[in-house]
Colleague: 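Below you'll find the structure I mean.
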Amino acid sequence: MRRLIACGLVAVVAAIAAPAAFGSNYIVLYKQQSVKGDAAATIEKAGGTLVYSYPAIGVVIASSTDPSFRDNLLKDSSVENAASTAGFATQLPNTETRAGSSSDSGPPPGDLPSTPASDSDSLSPLQWDMRQIHTPEAHAITGGSPAVLVGDIDTGIDFNHPDLRQNIDVANSANCVSGAPVPGTAAQDDNGHGTHTAGTIAAASNGFGIVGVAPNVHIAAIKAGDSAGFFFPEAVVCAFMWAADHGVDVTNNSYFADPYLFNCRNDPIQRAIWKAEQRAILYAEQNGVTVVAAEGNESEDLAHPTVDATSPDNTTPVTREVTNACVVIPVEVPGVIGVTAVGNDYQLNSNGQPDSSLGYLKSFYSNVGVGVTQLTAPGGDSVFGRTPQAVNGRVLSTYPPNKPCTRSVKENIGDPEEPTVVYCYLQGTSMASPHVAGVAALIVSQFGKLDSPNGKMSHERVQAYLDQTADPQPCPTALPPTYESVFGVGTESGTFAQCQGGTGYNSWYGNGQVNALSAVTHSP
């Protein structure tokens with residue numbers, strides 16, 4: 001994220017002008033969660049064109065070059081609000097910069113086909129992140145079920161990557177960048193970020209490369225971010241509606257929507273956009289989709305925001321004061337599982353030494369917040385997380401061969417479609433979130449889908465399993481030099497977000513670090 005995508009990481013990047021193709025798109029929000037049958041005619045009369053309609057949530061995507069379009073449209077008493085999405089996008093950051101025990105006493109397995117998986121692929125020794133959350137032990141029980149579908153709402157997926165190809169569900173993939181879904185291989189990744197998050201979730205156990213958290217599940221590319229890493233509101237709405245209507249069990253969301261880091265309900269334009277996005281997310285949850293989201297990389301306390309200094313991030317930023325009336329989408333939507341990041345090194349004891357009994361140190365860049373944070377997971381830390389296992393502190397995952405990566409690992413397996421198979425080291429809450437999404441997929445694989453009338457394991461039940469089986473992490477009693485004064489200072493507020501709460505739950509780690517083994521044995 002810097003915002004956009006939580007991606008990774010953590011540098012504030014130069015603003016890039018919004019693509020002209022999106023300059024005249026509008027989110028149209030109806031007062032009722034339905035769309036009038038004459039919506040196309042109403043929009044045309046106001047000076048626009050209907051792009052796509054989402055009647056289940058009362059949202060329409062429209063296009064217009066008429067500067068009076070919004071004013072004309074608001075004359076219709078059925079329209080609650082409308083907002084141009086020009087300038088309302090978040091950009092992926094430069095991800096290269098800035099610096100349990102098992103038990104058999106859990107609930108019985110569900111009714112899905114599920115088999116174990118191996119963690120002996122060629123690059124598995126480099127996956128400190130997987131060992132940290134006990135995925136190899138979990139894989140001895142289950143590698144996930146091919147009947148479970150994870151939707152990676154991101155910049156797409158490299159459909160040709162040999163470590164992903166066998167698990168990609170092309171039919172349920174879609175390109176949502178325009179606000180109208182285009183199914184299939186149109187969701188090809190032209191940025192790289194989506195391929196990285198997809199690998200952490202579902203890279204296959206096939207003898208080469210890496211192994212994902214859930215290497216047997218299927219994954220759909222739901223492309224909401226364009227090649228420059230912009231996520232426009234119409235794309236986010238489209239993505240969640242697609243997931244809800246195409247059998248997706250879990251979505252990973254390593255981004256922030258809108259150009260505003262904090263979206264304030266007292267601003268009519270911001271409110272129209274985040275309300276439309278919230279409707280789409282809640283609709284997905286109501287349809288059995290578990291939504292996991294990265295918390296962001298600004299070192300800020302999302303529960304107590306004070307300043308937004310970098311928004312809008314694709315035009316000229318204007319510093320403004322913000323309050324709790326301002327929220328981050330999607331992580332602050334009800335029911336969304338917010339994820340912070342940790343590195344591979346332990347917290348310090350009173351003698352200033354790393355102590356495994358204290359848990360892992362939060363990554364210096366990770367946002368936090370009471371009530372926002374549900375869990376933490378490995379996202380990497382290039383400053384305070386370098387260890388013999390994590391030599392550069394970052395997380396290794398799949399990457400397209402035609403996209404630049406400063407820290408890459410390459411293999412030649414003789415594959416005719418992609419002779420040079422590329423893996424990239426990145427850090428960020430973008431990298432943490434897919435670990436949790438992968439464990440959620442393992443939970444559905446192991447225990448679903450018995451209890452829901454729509455044939456899906458409810459998102460509330462999945463979250464309860466995640467929360468109950470996480471490894472609690474206490475607030476630190478000591479911090480490394482420069483952590484509090486330099487690297488961990490908020491990019492917006494200029495202050496340090498202290499950890500608040502106890503071992504059972506706190507603002508930095510939520511309910512604790514996700515534990516794949518405990519999750520699939522349900523042994524809290």
Side-chain angles (χ1 to χ4, degrees), residues 18 22-90 176 178-180 224 230-241 244 256-286 308 311-315 318 320 322-330 332-334 336:
F22 296 95
S24 57
N25 272 10
Y26 285 76
I27 290 277
V28 181
L29 189 72
Y30 282 81
K31 292 178 180 178
Q32 304 298 323
Q33 292 207 185
S34 61
V35 175
K36 292 177 61 178
D38 63 349
T42 300
I43 288 168
E44 183 177 357
K45 183 179 178 180
T49 302
L50 177 68
V51 174
Y52 208 79
S53 176
Y54 296 99
I57 60 170
V59 172
V60 162
I61 310 301
S63 178
S64 178
T65 58
D66 186 342
S68 300
F69 174 69
R70 180 176 183 270
D71 291 338
N72 294 338
L73 194 61
L74 292 180
K75 294 175 183 177
D76 187 326
S77 61
S78 67
V79 175
E80 177 177 328
N81 212 331
S84 169
T85 63
F88 278 79
T90 304
C176 273
S178 70
F230 282 105
F231 283 58
F232 285 84
E234 60 266 37
V236 174
V237 169
C238 170
F240 280 103
M241 297 304 292
F256 282 152
D258 294 348
Y260 288 94
L261 175 57
F262 296 100
N263 301 271
C264 301
R265 61 175 59 97
N266 60 354
D267 180 291
I269 302 300
Q270 293 173 51
R271 184 173 65 250
I273 288 178
W274 72 250
K275 191 169 183 179
E277 292 171 334
Q278 177 172 275
R279 284 187 185 181
I281 294 169
L282 294 178
Y283 176 77
E285 292 175 349
Q286 291 161 7
D308 184 351
S311 303
D313 66 353
N314 66 332
T315 56
V318 177
R320 60 184 180 137
V322 293
T323 68
N324 282 333
C326 306
V327 297
V328 175
I329 305 293
E332 291 195 80
V333 170
V336 173

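The first residue in the sequence is number 1, and the count goes up from there.
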Colleague: Holding to side chain to side chain contact (heavy atoms under 4.5 Å, CB included), I want the full list of residues that pass it with S78, two or more places apart in sequence or in another chain.
Modeller: Y30, K36, D76
Colleague: When you compare the side chains of N263 and R271, does any donor N or O come within less than 3.5 Å of an acceptor on the partner?
Modeller: no
Colleague: Counting C-beta onward and ignoring hydrogens, is there a side-chain heavy-atom pair between Y283 and Q33 closer than 4.5 Å?
Modeller: no
Colleague: Can you name the closest pair of heavy atoms from A56 and M241 and give their distance?
Modeller: CB-CE, 4.1 Å
Colleague: Measure the spacing between CD1 of I61 and OG1 of T49 and express it to the nearest 0.5 Å.
Modeller: 13.5 Å
Colleague: Which atoms form the tightest heavy-atom contact between V60 and S53, and what is the distance?
Modeller: CG2-OG, 3.9 Å
Colleague: Flag the pair C238 / Y54 as yes when at least one side-chain heavy-atom distance between them is below 4.5 Å, and no otherwise.
Modeller: yes
Colleague: Heavy atoms only: give me the nearest A224-V236 pair and the separation to one decimal.
Modeller: CB-N, 4.5 Å
Colleague: Using side chain to side chain contact (heavy atoms under 4.5 Å, CB included), reason through Y52 and E234 one step at a time and then give a plain yes or no.
Modeller: CA-CA 9 Å; Y52 208 79; E234 60 266 37; over 6 Å; no
Colleague: Find the distance between CZ (F240) and SG (C176) and round it off to the nearest 0.5 Å.
Modeller: 10.5 Å
Colleague: May I have the step-by-step check of side chain to side chain contact (heavy atoms under 4.5 Å, CB included) for V336 and E285, ending in yes or no?
Modeller: CA-CA 9 Å; V336 173; E285 292 175 349; 3.7 Å; yes
Colleague: Please answer whether the main-chain N or O of P268 pairs with a side-chain N or O of N81 as donor and acceptor at a distance below 3.5 Å.
Modeller: yes
Colleague: Given side chains that start at C-beta, do those of V79 and L29 come closer than 4.5 Å, heavy atoms only?
Modeller: no
Colleague: Is a donor on one side and an acceptor on the other found under 3.5 Å between the side chain of T85 and the backbone of P233?
Modeller: no
Colleague: What are the two closest heavy atoms between A46 and D66, and how far apart are they?
Modeller: O-OD2, 4.1 Å
Colleague: What is the distance from atom OG of S63 to atom CG of L50, rounded to the nearest 0.5 Å?
Modeller: 10.0 Å
Colleague: For S64 and G48, which heavy atoms make the closest approach, and how far apart are they?
Modeller: CB-CA, 3.8 Å
Colleague: Does the separation of the ring centres of F69 and Y26 fall below 6.0 angstrom?
Modeller: yes
Colleague: Identify the heavy atoms of S84 and I273 that sit nearest to each other, and give their distance.
Modeller: O-CD1, 4.2 Å
Colleague: With sequence neighbours left out, write down each residue that passes side-chain hydrogen bond (donor to acceptor under 3.5 Å, both in side chains) with K275, or none if nothing qualifies.
Modeller: E80
Colleague: For the pair Q270 (side chain) and C264 (backbone), establish whether a donor and an acceptor sit closer than 3.5 Å, ignoring hydrogens and angles.
Modeller: yes
Colleague: Test your reading of the model: is there a side-chain donor-acceptor pair from E332 to the backbone of V328, 3.5 Å cut-off?
Modeller: yes
Colleague: Given 3.5 Å as the limit, does a donor-acceptor pair link the side chain of R279 with the main chain of I57, or not?
Modeller: yes
Colleague: List the steps and the verdict of side chain to side chain contact (heavy atoms under 4.5 Å, CB included) for R265 and W274.
Modeller: CA-CA 8 Å; R265 61 175 59 97; W274 72 250; 3.4 Å; yes
Colleague: State, with a plain yes or no, whether a side-chain heavy atom of V35 is found less than 4.5 Å away from one of V28.
Modeller: no
Colleague: Any chance NZ of K45 has more than 12 other-residue heavy atoms, nucleotides or ligands included, within less than 6.0 Å?
Modeller: no
